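Everything on this sheet refers to the single structure shown next.
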Amino acid sequence: QVQLVESGGGLVQVGGSLRLSCAATGHTFSSGTMSWFRQVPGKEREFVIGTRWSGGSTTYSDSAKGRFTIYRDNAKSTVYLQMNSLKPEDTAVYYCAADNSRLILSRLRDEKAYDYWGQGTQVTVSS
């Protein structure tokens, strides 16, 4: 059973940085997939960034390119989302999502493809 616990959200000013953490127990880092999604009230959850650990390939949403990165600390079984140059439109609840299989690229952005989700952490970017 995979358990995901996010932390690190908060209030940050425009242009600032924030690092979100996702402590993952039971996740297969060697062959699985982990992504971050976000959601604002009244809108669908959207894909932000995702990585397939085997082969190390990372996929970015247009909004994440050049500003967000995903990486992990194996010793802590924790995955991080580093967010730089934050904008007001980045305000959302951020969720980490995991699957213990290597998802094909066409499914990486599909929230239904993931079996495990964290509880979410709020990020608010103020202007």
Side-chain angles (χ1 to χ4, degrees):
Q1 183 72 12
V2 176
Q3 290 187 323
L4 306 174
V5 178
E6 299 108 332
S7 60
L11 177 65
V12 63
Q13 291 187 333
V14 169
S17 297
L18 206 59
R19 189 181 74 168
L20 305 183
S21 302
C22 177
T25 56
H27 177 56
T28 307
F29 282 101
S30 60
S31 61
T33 304
M34 184 166 283
S35 296
W36 289 88
F37 288 74
R38 66 187 184 188
Q39 189 172 27
V40 297
K43 292 189 176 182
E44 293 186 352
R45 196 175 297 182
E46 68 168 347
F47 172 84
V48 177
I49 189 171
T51 192
R52 302 180 300 172
W53 301 120
S54 176
S57 64
T58 299
T59 300
Y60 301 84
S61 63
D62 288 342
S63 62
K65 286 178 185 175
R67 300 190 302 129
F68 294 1
T69 56
I70 184 172
Y71 63 99
R72 75 189 196 211
D73 182 331
N74 287 335
K76 297 181 180 180
S77 295
T78 298
V79 177
Y80 300 97
L81 174 63
Q82 177 66 45
M83 304 186 293
N84 300 324
S85 302
L86 284 163
K87 306 173 182 179
E89 51 264 43
D90 293 318
T91 296
V93 176
Y94 284 73
Y95 299 89
C96 61
D99 197 272
N100 279 340
S101 67
R102 188 175 189 269
L103 296 177
I104 58 175
L105 279 177
S106 61
R107 297 208 69 198
L108 202 66
R109 299 169 186 264
D110 181 1
E111 62 175 306
K112 298 181 181 64
Y114 295 83
D115 288 334
Y116 306 101
W117 290 83
Q119 82 286 358
T121 185
Q122 176 71 47
V123 171
T124 303
V125 183
S126 68
S127 55

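Note that the coordinates shown come from a computational prediction; the quantities given were computed from them, not determined experimentally.
- Across every non-hydrogen atom of Leu11 and Ser126, the tightest pair is CD1-CB, 4.0 Å.
- In this structure, Leu86 is a member of the same hydrophobic cluster as Ile70, with clusters built from ILVMFWY side-chain heavy atoms closer than 4.5 Å.
- By the 4.5 Å side-chain criterion applied to Ile, Leu, Val, Met, Phe, Trp and Tyr, Val5 is assigned to no cluster and stands alone.
- Pairs of residues two or more places apart, or lying in two chains, that qualify as salt bridge (Lys or Arg N to Asp or Glu O under 4.0 Å) and include a residue from residues 10-39 are Arg38-Glu46, Arg38-Asp90.
- Formation of a donor-acceptor pair under 3.5 Å by the Arg67 side chain with backbone atoms of Ser85 is found in this model.
- Val2 and Trp53 fall within a single hydrophobic cluster, where Ile, Leu, Val, Met, Phe, Trp and Tyr are joined by side-chain heavy atoms under 4.5 Å apart, directly or via other members.
- The shortest heavy-atom contact between Gly9 and Thr121 is N-OG1, 3.1 Å.
- In this structure, Val40 and Ala92 approach most closely via the heavy-atom pair CG1-CB, 3.6 Å.
- The line from CD1 of Ile49 to CE of Met34 is 12.5 Å long, rounded to the nearest 0.5 Å.
- Residues passing the ring pair (Phe, Tyr, Trp, His ring centres under 6.0 Å) test with Tyr60, sequence neighbours excluded: none.
- Heavy-atom neighbours of Glu44 CD from other residues, nucleotides or ligands within 6.0 Å: at or below the threshold of 12.
- Screening residues 111-127 for salt bridge (Lys or Arg N to Asp or Glu O under 4.0 Å), with sequence neighbours left out, gives Arg45-Glu111.
- Considering all non-hydrogen atoms of both residues, Gln122 and Thr124 come closest at NE2-OG1, 3.3 Å.
- Under the 3.5 Å distance criterion, the side-chain polar atoms of Glu6 are matched with a main-chain donor or acceptor of Gly120.
- Using a 4.5 Å heavy-atom threshold, the side chains of Asn100 and His27 count as touching.
- Taking 4.5 Å as the limit, every side-chain heavy atom of Phe68 sits out of range of all side-chain heavy atoms of Ser61.
- Looking at heavy atoms from C-beta onward, Arg102 lies out of side-chain contact with Ser31 at the 4.5 angstrom threshold.
- Checking each of Thr69, Leu18, Val48 against Met83 for a side chain to side chain contact (heavy atoms under 4.5 Å, CB included) leaves exactly one that passes, namely Leu18.
- Under the salt bridge (Lys or Arg N to Asp or Glu O under 4.0 Å) criterion, Lys65 pairs with Asp62, not counting sequence neighbours.
- Inter-residue side-chain proximity for Ser77 and Thr25 is flagged as unmet; no heavy-atom pair is nearer than 4.5 Å.
- A 4.5 Å side-chain heavy-atom check between Leu4 and Gln119 finds every atom pair outside the cut-off.
- Counting only distance, with no hydrogens or angles, the side chain of Ser21 and the backbone of Tyr80 share no donor-acceptor pair below 3.5 Å.
- Leu108 and Ile104 fall into different hydrophobic clusters, where Ile, Leu, Val, Met, Phe, Trp and Tyr are joined by side-chain heavy atoms under 4.5 Å apart, directly or via other members.
- Under the 4.5 Å side-chain heavy-atom criterion for grouping Ile, Leu, Val, Met, Phe, Trp and Tyr, Val125 is not connected to Val93 through any hydrophobic cluster.
- Residues in residues 86-115 take part in these ring-ring contact (aromatic ring centres under 6.0 Å, His included) pairs, two or more places apart or across chains: Phe37-Tyr114.
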